[in-house]
Amino acid sequence: MSRENSSNGVLVGAIVGGAIGAISALLFAPKAGADLREDLSSKFRSISEKTKDIATAVGQNTKEFATTVGQNTKDLATNIKQEAGDLVDHAKQSNQNIMDSISSAKEDVKEELATTGR
């Protein structure tokens with residue numbers, strides 16, 4: 001994710017730097033006022049379109065990322081719930097096995113006491 005942020009930062013920096021350079025070149029170039037205004041207007045439209053394109057791309061990437069995170073979170077929650085259920089089942093089975101062992105041992109002790117007459 002850091003790499004994407006870095007790439008987006010470089011792209012935004014390039015656009016801003018390009019815009020500043022273009023405006024500077026236009027302002028210092030020897031042109032008539034009408035030509036200069038037309039050039040500035042054209043550059044601003046171009047920059048505006050590029051900005052909209054970037055904003056759209058960022059919005060789409062953000063939406064895809066949010067969808068992916070949401071699905072991964074949902075899958076993780078399902079897995080955790082299933083694992084917890086498996087652990088509960090295992091604990092119940094272990095408890096039953098222990099109870100059965102205790103009952104069996106109790107019966108064995110009763111039989112032994114009955115056999116020895118105590």
Side-chain angles (χ1 to χ4, degrees):
M1 191 63 188
S2 176
R3 189 174 196 157
E4 281 184 29
N5 287 341
S6 176
S7 297
N8 287 340
V10 169
L11 183 59
V12 169
I15 290 172
V16 170
I20 291 171
I23 292 170
S24 297
L26 290 173
L27 291 174
F28 290 111
K31 288 190 175 187
D35 292 338
L36 180 60
R37 285 189 296 275
E38 181 60 36
D39 286 349
L40 284 173
S41 176
S42 174
K43 293 295 180 186
F44 280 124
R45 276 192 296 267
S46 174
I47 291 170
S48 176
E49 288 174 14
K50 287 180 184 178
T51 303
K52 286 178 187 176
D53 292 343
I54 290 170
T56 300
V58 168
Q60 289 173 344
N61 288 340
T62 301
K63 184 178 179 181
E64 290 171 7
F65 179 72
T67 301
T68 301
V69 167
Q71 186 60 45
N72 288 345
T73 303
K74 186 177 180 180
D75 292 346
L76 182 61
T78 300
N79 289 341
I80 289 171
K81 185 177 179 180
Q82 184 177 3
E83 290 292 328
D86 291 347
L87 287 173
V88 167
D89 291 343
H90 182 70
K92 285 180 181 178
Q93 183 62 39
S94 294
N95 185 43
Q96 186 61 45
N97 290 341
I98 291 169
M99 295 304 289
D100 291 345
S101 294
I102 290 172
S103 293
S104 177
K106 182 179 172 183
E107 290 299 320
D108 290 345
V109 168
K110 279 185 182 178
E111 288 177 13
E112 183 66 31
L113 288 174
T115 303
T116 58
R118 293 186 185 169

Quick one: do Asp86 and His90 satisfy side chain to side chain contact (heavy atoms under 4.5 Å, CB included)? Show the steps, please.
CA-CA 6 Å; Asp86 291 347; His90 182 70; over 6 Å; no
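Considering CD1 of Ile102 and CE of Met99, their distance stands at 5.5 Å, rounded to 0.5 Å. To the nearest 0.5 Å, atoms OG1 (Thr67) and CD (Glu64) are separated by 7.5 Å. One finds the CD1 atom of Ile98 at 12.0 Å from the OG atom of Ser103 (value rounded to the nearest 0.5 Å). Note: Thr116 OG1 to Glu111 CD = 11.5 Å, rounded to the nearest 0.5 Å.
Here the side chains of Asn61 and Phe65 are not in contact, with every heavy-atom distance at 4.5 Å or above. Between Arg45 and Ser48 the shortest side-chain heavy-atom distance does not fall below 4.5 Å. Contact check for Gln96 versus Lys92: no side-chain heavy atoms found under the 4.5 Å cut-off. Taking 4.5 Å as the limit, every side-chain heavy atom of Lys63 sits out of range of all side-chain heavy atoms of Gln60.
Criterion: ILVMFWY side-chain heavy atoms under 4.5 Å apart, direct or through other members. Under it, Val88 and Ile80 are not part of a common hydrophobic cluster.
Under the 3.5 Å distance criterion, the side-chain polar atoms of Ser42 are left unmatched by any main-chain donor or acceptor of Glu38. A distance-only check finds no donor-acceptor pair linking the side chain of Ser104 to the backbone of Asp100 [under 3.5 Å].
When only modelled atom types and interatomic distance are considered, Asn97 and Gln93 share a side-chain donor-acceptor pair under 3.5 Å.
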